[in-house]
Each structure stands twice: as C-alpha cells, then as structure tokens.
Amino acid sequence: MSSESSMANANGNCLGWAARDASGVLSPYKFNRRDVQADDVSIKITHCGVCYAEVGWPKNKHGDATYPMVPGHEIVGIVQEVGPNVHHFKLGDHVGVGTYTNSCRDCEYCNDGLEVYCDKGVVLTYNRFDYDGTITHGGFSTFTVVHERYCFKIPEDYPLASAAPLLCAGITVYSPMMDHKMNKPGKSLGVIGLGGLGHMAVKFGKAFGLKVTVFSTSMSKKDEALTVLGADSFVVSSDQDQMKALAKSLDFIVDTASGDHPFDLYMSVLKTAGVLVLVGAPSEIKLSPMSLLLGKRSITGSVAGGTKQIQEMLNFCSAHQIYPNIEVVPIQYVNEAIERLIKKDVKYRFVVDIGNSLK
C-alpha cells in the first residue's frame, strides 16, 4: 500500500531516510512530526540501531507496508522539549524509545505495564497507524515526539550508541528470561543463534550467573562465543554426538533463529519442565507432541517487553556494565548495512550515528 501521510510534505520539520517502495532502498525524506502535546517528550535523535525489522517492513515482507516509510525502532537521543504535564524527564536527559510508541493505556495489560501486549493493539514505532490516524515514522530521522510513557531514561554514564540495541534486541531476550526466573545463579541456559539477539542473551546469562551454552550450525562462531562473549560451551547443533551428550541438561533455551530449524532436537536437551522460548520468527514450527509430553516441556513465545521491564533492563545494563557489540555507521551507509545484515555480516548490531551524519 502507498499512502503519503497527511503530515508529510517537502518542507516538513523533520528529516529522515525513508523507503518509497518494496525495494526497501532508503533515501532522504522530509515529513512533519506532531507538535509537542501536554504529555509529550521531544527527542533529538543521536543514534538508532538497525534491526532485522529493517529487512522485513521496508521490503514489504509482511504485506502491510505503507510508504513512504521511515524505519528504525532502537532510538536514543537527548530531550529537547517537554510538555507541561511531563514530570519524569527534563531538557538534556538521555533517553530511549523502543519498538512501540502508543497503546490504549486502559486494558489489563497496559495497566500491568505490559503495553506491548495491549488488547487493542500496540502502536509500533513505524509503519503503523496511530490513534489519531497518522502514520508512525521511526528513528532514522533527526527527532521524534512521543508520549512520556513510552520514553525511557538512559543512565548518564551509559554510552548512547551502546544503548540503542537494548531497546529491541536487548529487551527481546531480557524479558522472557525475567518472566521465567532465569536470573537465578547456577541455572543452565541455551542460546540458539548468535546474532544481535543471541549475543545479548549470552551477555545477560553470564551477568545472571548462568551456565551458558551456545548452539550454532557453524564452527566459525566458536571462538567468538567462548572467548569474546564468555559462553561456557559451544555446540554445533548438527553434530548428533554433541547434542546427545547434552540430553536433559538445560533449564531454558532462548531461540533467536529466524530460519527454519528442527525443534525436537532442541527440546531433547531440556530438563524435565524445561522451556524453550521463541523470539525469532521461523516460517513454521514442527515438533513431535512427545517432545512436550514425555518431559513436561513447553515451548512459548515472547516479543520485546513492557515499559517497566525496559527501564529495569536499562538500569541493569548500566549497573553491570553490559554493552552490546556494535558497529557504528553513518546514515549514508544504512542501505549497505541492511544488505550486510541480510548476509549476517555484522558483529553484532549496526548502529546509525544520526546526530553526526543526518543533516
């Protein structure tokens, strides 16, 4: 679908980089951000992470693209204006915005701080209609305006560029680990896939005092997993002997893989009542019912996290000096960065330097 937002024009107040069609190629685009309302925070964007969402939505992989589309939902920056009812933020604060910027604020999930599961549908940071009928635009832009509820304080001593990937990759693995009490030292964690999400799962696991095993289809990531990220063990999932040796040994698995892969194999390495949480998006899930029944095992899913957990995670990362591994690039390189992301040629997250390159 193609729809020029009613707020977009050649002389708009905000400069971004947008996709115009399903090629997904981004180029400069001017549009208007809304005026700051009573509960709003206006943020001068300094950095924005490049998530795999930037492959899917700009290229219309989900069939719901609205163009022009300004992507980016790992947004960090500095507060430049606040509305009169805003009391949690002030000018100059370091802040972040994640994968969503609005929700109904009245359902049971919003009331419990789980806005990402809003009954009426969470409003995503880009490529979604907001409640006022406008199209949301993301962080590949000079500034943004959001209700203070969906804005998060970044501790002053935490580097802004490093904070960006926490707003999607970080919270996507942190949230299910906390939900399933996988922050107890001594427990055993498996991580499938060692990309933007997987490397953060390893970092959180080690910070929680867990025994961490990384699963990969290739030996090429072994040194990185063990030496750089500090995992306790590395297993090539296609090696049947290695997998059999792990039978019934793990409490929890974070599955970040988006490509199709076998599930029975991984369920077999879970202990009785073990849990595999899916945070990637393969095209289908196939497994034998006996993989669940005989070991009282379960498979579940999770996306991002609520506002309470996001702020909690940011504070935890600052306190424990947990930093994503990033490659900082200018906005002019963003199309190449997305192509490299498709090829898995990044360790482990691109972050666009908006402040110094988008003029």
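All values below were derived from every heavy atom in this structure, side-chain atoms included, with hydrogens, water molecules and symmetry-related copies excluded.
Under the 4.5 Å side-chain heavy-atom criterion for Ile, Leu, Val, Met, Phe, Trp and Tyr, L250 and L229 are members of distinct hydrophobic clusters.
Counting non-hydrogen atoms of other residues, nucleotides and ligands closer than 6.0 Å to NZ of K59 gives a total above 12. Heavy atoms of other residues, nucleotides or ligands lying less than 6.0 angstrom from NZ of K206 number more than 12.
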Run the side chain to side chain contact (heavy atoms under 4.5 Å, CB included) check on L124 and H73 step by step: do they pass?
CA-CA 8 Å; L124 300 180; H73 63 197; over 6 Å; no
Before giving the answer on ring-ring contact (aromatic ring centres under 6.0 Å, His included), spell out for Y67 and Y29 the whole-Å C-alpha distance, their side-chain angles and the decisive distance to 0.1 Å.
CA-CA 11 Å; Y67 301 106; Y29 168 66; over 10 Å; no
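N315 and Q311 share a donor-acceptor pair across their side chains, judged by distance under 3.5 Å alone. D353 and S357 form no side-chain donor-acceptor contact under 3.5 Å, judged by distance and modelled atom types alone. Side-chain atoms of S27 and R20 form a donor-acceptor pair, as typed in the model, at a separation below 3.5 Å.
Side-chain contact between F204 and V254: absent, with no pair of heavy atoms (C-beta onward) separated by less than 4.5 Å. Put simply, the side chain of Y150 reaches to within 4.5 Å of the side chain of S103, judged on heavy atoms. In this structure, K203 and Y323 have side chains that are not in contact, with every pair of non-hydrogen atoms separated by 4.5 Å or more. With a 4.5 Å cut-off on side-chain heavy atoms, V352 and V329 count as touching. By the 4.5 Å heavy-atom criterion applied to side chains, E54 and L26 are not counted as neighbours. Residues H199 and N325 meet the side-chain proximity criterion, which asks for heavy atoms closer than 4.5 Å. Between I45 and L358, the closest side-chain pair of non-hydrogen atoms is not below 4.5 Å.
Only one option out of D35, V41, V86, V36 pairs with E81 in a side chain to side chain contact (heavy atoms under 4.5 Å, CB included); it is V36. Only one option out of N13, T134, D40 pairs with R34 in a side chain to side chain donor-acceptor pair (under 3.5 Å); it is D40.
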